[in-house]
Amino acid sequence: MARGHTEDLLQAFSNGSDYQIHERQPSNYSPLHSFKLAKGDQKHYQQQYGDMYFLRLAMLKPSVEEIAADAWDGAEIAGEIVRRVERVLDVRQGEFCWVAGTVYKDMPLKPNILDDISKDHWISAPPPREKYISQSGQDQTMLEDESGRLRLIGTILQTSMLVTGCIVAMMGTENANGDFEVVDMKVPDLPRQPQRWERRDGDIAVSNGSAKTKIKNEVRQTGGKVAIVSGLNITGDEADSLAMDLLMEYLVGETCDGDEQQGVSKISRLIIAGNSIKEATPLAPRDEVSDKKASKKYGYDSAAYNPAPTIHLDNFLATLLPSIPITILPGESDPANVSLPQQPIHPAMFPRSRNYANIPGSEEPGWFDSVTNPWEGDIDGWRIMGNGGQPINDVFKYVEGDERLEMMESLLRWRCGAPTAPDTLWCYPFQDKDQFVIEECPHVYFVGNQPRYETTVIEGPAGQTVRLIAVPIFRDTGEIVLLDTDTLETEVLRFSVDE
């Protein structure tokens, strides 16, 4: 472990010594259920995914048009006044205008339904691509709405980050080839940001009065820290145990001296941001599976299912839970639904840890909270939003470079938590409302399972400030992130084992 003092750890026990007892900093925790889906017969998959784009455009078009109107109304280019058009097909050749719509990236290297069909017919499917960008220049950028599509060109497209599904306003003119030459571009930008404790104060005001508010404010003066980790990638092998044990012993204060224990006691909550279990091995061919099922009568087939990873994860959580509350998000490799928003990992996967979860049917969170991916909630009054990494990892395939913080900032300024869904990112076909649209700006936005730890603070047009945190993969880096809930500053801890 990279920090701590070890001189006082191995000492003889003394009956006459007084040992200071450190109490865990309480966590003021209030999750939102923004991404919970209906259960049973009320959850349908017969709907068309195309409706999601129209819902997203209907929700975000007024915001981006307001920003564009403030910037461009009355603007003059080459002696011509720029005018607004309602639909993309209302653009006229040679006239400067601006229009809002949904970006679509036509990229030949993107996956398509024929790849899935080839898998069903036992044809070797192409390997997954690191990038969808074509080196031969075949990629095209379109702007579309309910009326049609318009092909975009211009140097600004080369310097701006754009992916399928983001809502933007474009200013320019149509050339003789029917292409729209973009001169400038506007995005919805950060939405309204709630004040710290705004939601809690509202609940107190509704419930009843000033005496409670005064007590709450007194408690709020002391803040703690939140530990965020992702990519535990537990396999159940012996190789998992040492780094995990170091992390576990640190969080419960067993590897620290007195001064360090005081600091560890300030960690009020652990957030596990996806990929707690390593991705399983590929399934066997269907004929082999059918032969095995025919000979198996009771229990599970140990050749097809390995319970060791979930048992190790449950033991890890159950050891920590008496000391620290835990919020766990599912990830791409965890035992949850693949499509976003991923629903909470089922309590049956945690026979020991589920004793600390909330009572079924209760709205109050338990000490152990298995939540959705993406997730948002309030911790110590701050609005915090995060996911297991799938939206950023998918955006990475659309753009040049590997600037993860820039991608995270773009998602917030687009006001969409998963813009590439449903084009190249599996998701639920929403019909009434696109739940990925960000309606309130968070104070902290974290993304799990990233190549390295990075952080920065961005600002919005109305004074919003957001702390961005790229949380690294613990199995590769041995790093966790500590977020100070007083200042929103971060620090990274590294746990390493000398070979």
- Take Tyr356 and Phe350 through the test ring-ring contact (aromatic ring centres under 6.0 Å, His included) and record every step on the way to the result. CA-CA 10 Å; Tyr356 297 87; Phe350 309 110; over 10 Å; no
- Could you list all the side-chain hydrogen bond (donor to acceptor under 3.5 Å, both in side chains) pairs where at least one residue sits in residues 166-175, not counting sequence neighbours? Asn175-Glu181
- Query: Would Arg84 and Asp73 satisfy salt bridge (Lys or Arg N to Asp or Glu O under 4.0 Å), going step by step from the backbone distance to the final call?
  - Reply: CA-CA 8 Å; Arg84 172 183 174 271; Asp73 273 0; over 6 Å; no
- Note on the structure: Hits for ring pair (Phe, Tyr, Trp, His ring centres under 6.0 Å) against Tyr445, two or more places apart or cross-chain, chain-then-number order -> none
- With sequence neighbours left out, write down each residue that passes salt bridge (charged side-chain N to carboxylate O under 4.0 Å, His left out) with Arg452, or none if nothing qualifies. Asp402, Glu454
- Verify, without hydrogens or angle tests, whether His443 (side chain) and Val466 (backbone) share a donor-acceptor contact under 3.5 angstrom. no
Let me have the donor-acceptor pairs involving side chains of residues 182-189, under 3.5 Å, with sequence neighbours excluded, atom names and distances please.
residue: Asp184; atom: OD2; partner: Trp72; partner atom: NE1; Å: 3.2
residue: Asp189; atom: OD1; partner: Arg413; partner atom: NH1; Å: 2.6

- Task: Just jot down the side-chain contact (heavy atoms from CB on, under 4.5 Å) partners of Lys43, sequence neighbours excluded, or say none.
- Result: Leu37, Tyr45, Tyr428
- Query: Counting only N and O atoms by type, is there a donor-acceptor contact under 3.5 Å from the side chain of Gln464 to the main-chain atoms of Leu190?
  - Reply: yes
- Taking the six-membered ring for Trp and the single ring otherwise, decide whether the centroids of Tyr104 and Tyr53 are under 6.0 Å apart. no
- Qualifying residues under salt bridge (charged side-chain N to carboxylate O under 4.0 Å, His left out), relative to Asp90, sequence neighbours excluded: Arg87
- Message: Suppose we screen for salt bridge (charged side-chain N to carboxylate O under 4.0 Å, His left out). Which residues come up paired with Asp434, at least two apart in sequence or across chains?
- Response: Arg56
Listing, residues 159-168 side-chain donor-acceptor contacts under 3.5 Å, not counting sequence neighbours, or none:
residue: Thr159; atom: OG1; partner: Ile156; partner atom: O; Å: 3.2
residue: Ser160; atom: OG; partner: Ile156; partner atom: O; Å: 2.8
residue: Thr164; atom: OG1; partner: Lys105; partner atom: N; Å: 2.9

- Query: Does any N or O in the side chain of Gln193 come within less than 3.5 Å of the main-chain N or O of Arg383, such that one atom is a donor and the other an acceptor?
  - Reply: no
- Between the main-chain N or O of Leu468 and the side-chain N or O of Thr455, is there a donor-acceptor pair closer than 3.5 Å? yes
- Query: Within the side chain of Asn449, is there an N or O that forms a donor-acceptor pair under 3.5 Å with the backbone of Gly389?
  - Reply: no
- Task: Keeping the roles fixed (side chain from Arg199, backbone from Gly377), state whether a donor-acceptor pair exists under 3.5 Å.
- Result: no
- Message: Just verifying a value: how many Å separate Ile228 CD1 and Arg269 CZ, rounded to the nearest 0.5 Å?
- Response: 12.0 Å
- Message: Just verifying a value: how many Å separate Leu493 CG and Glu479 CD, rounded to the nearest 0.5 Å?
- Response: 9.0 Å
- Item | Residues Glu400 and Lys131 bridged, charged N to O under 4.0 Å | no
- Message: With a 3.5 Å distance limit and no angle check, can you tell me whether Asn177 reaches the backbone of Asp179 through a side-chain donor-acceptor pair?
- Response: no
- Message: Run the side-chain contact (heavy atoms from CB on, under 4.5 Å) test against Pro347 and tell me which residues pass, sequence neighbours left out.
- Response: Arg354
- Spacing of Ile469 atom CD1 and Ile384 atom CD1 [to the nearest 0.5 Å]: 8.0 Å
- Euclidean distance, Ile272 CD1 relative to Ser230 OG, rounded to 0.5 Å: 10.0 Å
- Message: Using modelled atom types and a 3.5 Å cut-off, is there a donor and acceptor pairing between side-chain atoms of Asp380 and backbone atoms of Asn28?
- Response: yes
- Pair Arg192 + Glu198, salt bridge at N-O below 4.0 Å: yes
- Sort out for me which residue in Leu317, Ile271, Leu251 forms a side chain to side chain contact (heavy atoms under 4.5 Å, CB included) with Ile326. Leu317
- Using atom types as modelled and distance alone, determine if a side-chain donor or acceptor of Arg467 lies under 3.5 Å from a backbone N or O of Leu488. yes
- Query: Crowded around Gln48 CD? As in, over 12 foreign heavy atoms under 6.0 Å?
  - Reply: no
- For Glu80, what residues pass the salt bridge (charged side-chain N to carboxylate O under 4.0 Å, His left out) criterion, not counting sequence neighbours? none
- Message: Please check: side-chain N/O of Ser268 versus main-chain N/O of Lys225, any donor-acceptor pairing under 3.5 Å?
- Response: yes
- Item | Partners passing side-chain contact (heavy atoms from CB on, under 4.5 Å) against Lys61 (at least two apart in sequence or in another chain) | Leu57, Glu65, Glu86, Ala100
- Item | Ionic contact status for Glu130 with Lys397, cut-off 4.0 Å | no
- Does NZ in Lys433 sit with more than 12 non-hydrogen atoms of other residues, nucleotides or ligands closer than 6.0 Å? no
- Query: Within a strict 4.5 Å, meaning less than it, do heavy atoms of the Val444 and Pro442 side chains meet?
  - Reply: no
- Query: From Leu425 CG over to Gln390 CD, what is the distance, rounded to the nearest 0.5 angstrom?
  - Reply: 7.0 Å
- Task: Nearest 0.5 Å please: distance from the OG atom of Ser27 over to the CG atom of Asp369.
- Result: 10.5 Å
- Residues in side-chain contact (heavy atoms from CB on, under 4.5 Å) contact with Leu150, at least two apart in sequence or another chain: Val88, Val91, Phe180
- Message: For a 4.5 angstrom cut-off between non-hydrogen side-chain atoms, does Arg404 reach Pro451?
- Response: yes
- Message: Counting only heavy atoms not in Asp432 (residues, nucleotides, ligands), do more than 12 fall under 6.0 Å from its CG?
- Response: no
